[in-house]
Amino acid sequence: MGSERGSPFYVVDLRDENMKAGSEAWRSACRVVRTALEEHGCFVARFDKVSQELCNSVVTCLKELFSLPLETKKQKTNEKPLHGYIGSVPWLPLYESIGIDNPLSMDAVQNFAHFMWPHGNRTFCESINEYAKVMAELEVVARRMVFESYGMKMERYESLIEETSEYVFRCLEYKPRSEGVDENVLGLEPHTDLSIISVLHPINNLNGLQVKTSHVSDDQEQWTPIEASPNSFVVMAGDALQVWSNGRIKSCLHRVEMKEKKARYATGIFSFCGNILEIPEEIMVDEEHPLRYKPAFHHYDYLRFFDQHRIRQPQTRMDAYCGI
Ligand SMILES: O=C(O)CCC(=O)C(=O)O
Ligand SMILES: [Fe+2]
């Protein structure tokens, strides 16, 4: 466990069958997770519970979904901000994405599929629901590790896990650059996610994802690619985790550069808190880390705030919403 040669990002092996909560391997992984999130806001997780067959089926589903007419894709499938379709953005001509709310519920996925295909789509529902469940399993392990790494007691964080397990599953397609599209145009512009944690998977194994890293030694910032590889998932801190940790963890600034000649498909599962997320002040606040945010954070309200004000700069946005 640690960083891979040539890459500054930490790699956490979550494949180990023996990695049961409480074991030495588990505690050591918790430490790496905390260091990684404090340094880069992300880490690479090795996780082998998604078979190649399931990945292939999900890619087929995504192709089918994105080839639907624009009017169909744009239907409002959800009331929550940023949970639906995003596309036809003039400065992001290669990017399209669609959110599926509550993807662990087969009923919710079927509901979504009925919006898209009048007679439903059984293969789509089965593959997406099965795949989202595995992604969520990985997300929960990551969240448990974060809570534990700051010394939270298990009795306390288990209820927090339940409150913070609302998900949206996002399907992403990046079209290959066609004639006339400027070579400086990005696949997706720099941003941080508004989630607690995001787990991303470049499911057809194409590169493009980059994270803003800073080198403490020379004070330089740069965009560093995260290589796509089978069984590798990228776990990122979102704004809500930054607030929860009183700024100890920085939400991860990332973007997508599209140099590929083929369409790039990716998926992401994003966790949210359905309740008020409280900063555990007894753990996060001390002389060195005075309270930076109002201690009660209303997650969906923060999404509405973003939707209304569209403040792009993440630190300014969090400060404007809940800074003290
Ligand atoms: O395509 C990717 O790898 C990243 C997608 C992403 O950052 C997002 O959906 O928030
Ligand atoms: Fe993102």
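From a predicted model like this one, the values you see are computed outputs, not experimental measurements. Indexing begins at 1, ligand by ligand and atom by atom, following the structure's order. If you read the sequence from its start, that first residue is 1, and numbering goes on from there. Heavy atoms only: backbone and side chains are in, while hydrogens, waters and symmetry mates are out.
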Point-to-point distance, once rounded to the nearest 0.5 Å, from NE2 of His191 to CZ of Arg317: 9.5 Å
Can any side-chain N or O of [X] pair as donor or acceptor with the backbone N or O of [Y] at less than 3.5 Å?
{"X": "Ser105", "Y": "Ala108", "answer": "yes"}
{"X": "Arg143", "Y": "Thr164", "answer": "yes"}
{"X": "Arg170", "Y": "Ile269", "answer": "no"}

Restricting to distances shorter than 2.8 Å, give the number of protein N, O or S atoms close to the Fe ion (ligand 2). 3
Consider salt bridge (Lys or Arg N to Asp or Glu O under 4.0 Å). Of Lys63, Lys74, Arg264, Lys73, which one does Glu96 pass it with? Lys73
List ligand 1's nitrogen or oxygen atoms that come under 3.5 Å of a protein nitrogen or oxygen, with the partner atom and distance.
residue	atom	partner	partner atom	Å
ligand 1	1 (O)	Tyr174	OH	2.6
ligand 1	1 (O)	Arg264	NH1	2.9
ligand 1	3 (O)	Arg264	NH1	3.4
ligand 1	3 (O)	Arg264	NH2	3.0
ligand 1	7 (O)	His191	NE2	3.2
ligand 1	7 (O)	His254	NE2	2.9
ligand 1	10 (O)	His191	NE2	3.1
ligand 1	10 (O)	Asp193	OD1	3.1

Surrounding CD of Glu53 (heavy atoms of other residues, nucleotides or ligands, distance under 6.0 Å), is the total greater than 12? no
Other residues, nucleotides and ligands only: do more than 12 of their heavy atoms fall within 6.0 Å of CZ on Arg122? no
With Tyr150 via side-chain contact (heavy atoms from CB on, under 4.5 Å) - residues at least two apart: Arg34, Glu38, Val146, Trp244, Arg248, Ile249, Ile283, Met284
Give the other cluster members for Leu253, using side-chain heavy-atom distances under 4.5 Å between Ile, Leu, Val, Met, Phe, Trp and Tyr residues; answer none if it is isolated. Trp223
